Amino acid sequence: MKRKILAGNWKMNLDHLSGAALAKEICAGVDAARSACEVVLIPPFTTLPAVAGAVRGSAVKTGAQDLYCEDEGAYTGEIAGGMLRALGCAYVLVGHSERRHTIGESNALVTRKLRAALRNGLIPILCVGELLAERESRKAVDIVASQVRESCEGLEGEEFSRVVVAYEPVWAIGTGRTATPEDASDMHGVIRIIAKELFGTAAAEHLPILYGGSAKPETAPALLAEPEIDGLLVGGASLKASSFLGMMPR
Ligand code: 13P
């Protein structure tokens with residue numbers, strides 16, 4: 001049995017004060033539950049140091065929402081992987097759909113960020129997912145497959161063994177419309193097939209694939225019951241300890 005992952009992407013919410021308070025509440029809940037699942041908090045950059053302090057000594061891990069593809073230099077406004085590691089970050093999101101579609105990140109940039117994460121000892125959570133129009137025109141599988149293929153192109157097997165993928169259909173993010181467990185599971189199967197094609201059977205089986213998109217305490221159990229779904233990447237419902245903890249697999 002793979003260890004499930006419950007990750008909370010706080011997006012552009014919670015400053016260092018309210019973020020540290022929420023992190024402490026979540027740590028207390030996670031540590032009391034003694035769940036086998038890996039819990040990850042992903043706050044905004046400026047909230048990260050306070051959250052890193054709040055989770056110290058607990059089983060909860062931290063992650064960042066993005067990183068730059070270079071390790072240092074004249075890149076105003078960017079944050080390097082090494083800076084995140086120095087804060088004790090274990091994970092980093094790469095290619096979140098809000099960065100792909102609102103900020104215009106290309107697959108090519110996502111690939112470079114994925115490599116930067118791996119080079120700096122961070123576990124990248126590579127986000128992929130189709131738009132509503134792409135699903136309606138039956139292009140979802142092609143889009144997601146090409147996002148995975150292009151992002152992972154040229155990685156060594158050892159590097160890929162450290163990658164986590166999150167399938168987040170864009171039409172489900174922040175809309176209240178969760179994908180059905182069957183739809184999510186089918187797409188996770190597609191992602192695993194591409195992983196097998198690129199890196200072999202063992203790598204594909206080992207790959208953790210999370211689902212994200214309006215996941216909430218009511219929908220989490222059925223999603224997590226799917227063998228193809230290795231965890232959840234949660235937005236809105238991760239901003240309150242009660243709803244986030246309510247999604248933790250027991
Ligand atoms: P919501 O859970 O708010 O739909 O956000 C999902 C998401 O984008 C997590 O990265």
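Just so it is clear, the model here is predicted, and its values are computed rather than measured. Ligands are counted one by one from 1 in listed order, and the atoms in each one are counted from 1 as well. Start at 1 with the first residue, then count along the sequence. Values below: every heavy atom of this structure, side chains too, minus hydrogens, waters and symmetry copies.
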Give me the nearest non-hydrogen protein atom to [atom] as residue plus atom name, then the distance to 0.1 Å.
atom	value
atom 2 (O) of ligand 1	Gly235 N, 2.9 Å
atom 3 (O) of ligand 1	Gly236 N, 2.8 Å
atom 9 (C) of ligand 1	Glu168 OE2, 2.9 Å
atom 5 (O) of ligand 1	Lys11 NZ, 3.1 Å

Go through ligand 1 atom by atom and flag the ones less than 4.0 Å from a non-hydrogen atom of [X].
X	result
Ser214	1 (P), 2 (O), 4 (O)
Leu233	9 (C), 10 (O)
His96	7 (C), 8 (O), 9 (C), 10 (O)
Ala172	4 (O)

Side-chain ([X]) to main-chain ([Y]) donor-acceptor, under 3.5 angstrom:
X	Y	result
Ser214	Thr178	no
Ser146	Ile143	yes
Ser161	Glu158	yes

same_hphob_cluster(Val128, Ile173) at 4.5 Å side-chain heavy-atom cutoff: no
For Glu228 and Tyr167, which I'm curious about, is there any donor-acceptor pair between the side chains at under 3.5 Å? no
Check Arg112 with Glu70, please: is the shortest side-chain N to carboxylate O separation under 4.0 Å? yes
Taking 4.0 angstrom as the limit, do Lys139 and Glu130 come out as a salt bridge? no
Could you check whether any side-chain heavy atom of Leu87 comes within less than 4.5 Å of a side-chain heavy atom of Thr62, counting everything from C-beta outward?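 They are not in contact (no side-chain heavy atoms under 4.5 Å apart), so the answer is no.
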From CD1 (Ile42) to OG1 (Thr47), nearest 0.5 Å: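 With rounding to 0.5 Å, CD1 (Ile42) is 13.5 Å from OG1 (Thr47).
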Evaluate [X] for polar contact with ligand 1, using N/O atom pairs at a separation under 3.5 Å.
X	result
Gly213	no
Asn9	yes
Gly174	yes

Give a yes/no verdict on whether any heavy atom in Gly212 is under 4.0 Å from an atom of ligand 1.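 Not so, Gly212 does not reach ligand 1.
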Using non-hydrogen atoms of the residue, decide whether Ala166 is closer than 4.0 angstrom to ligand 1. no
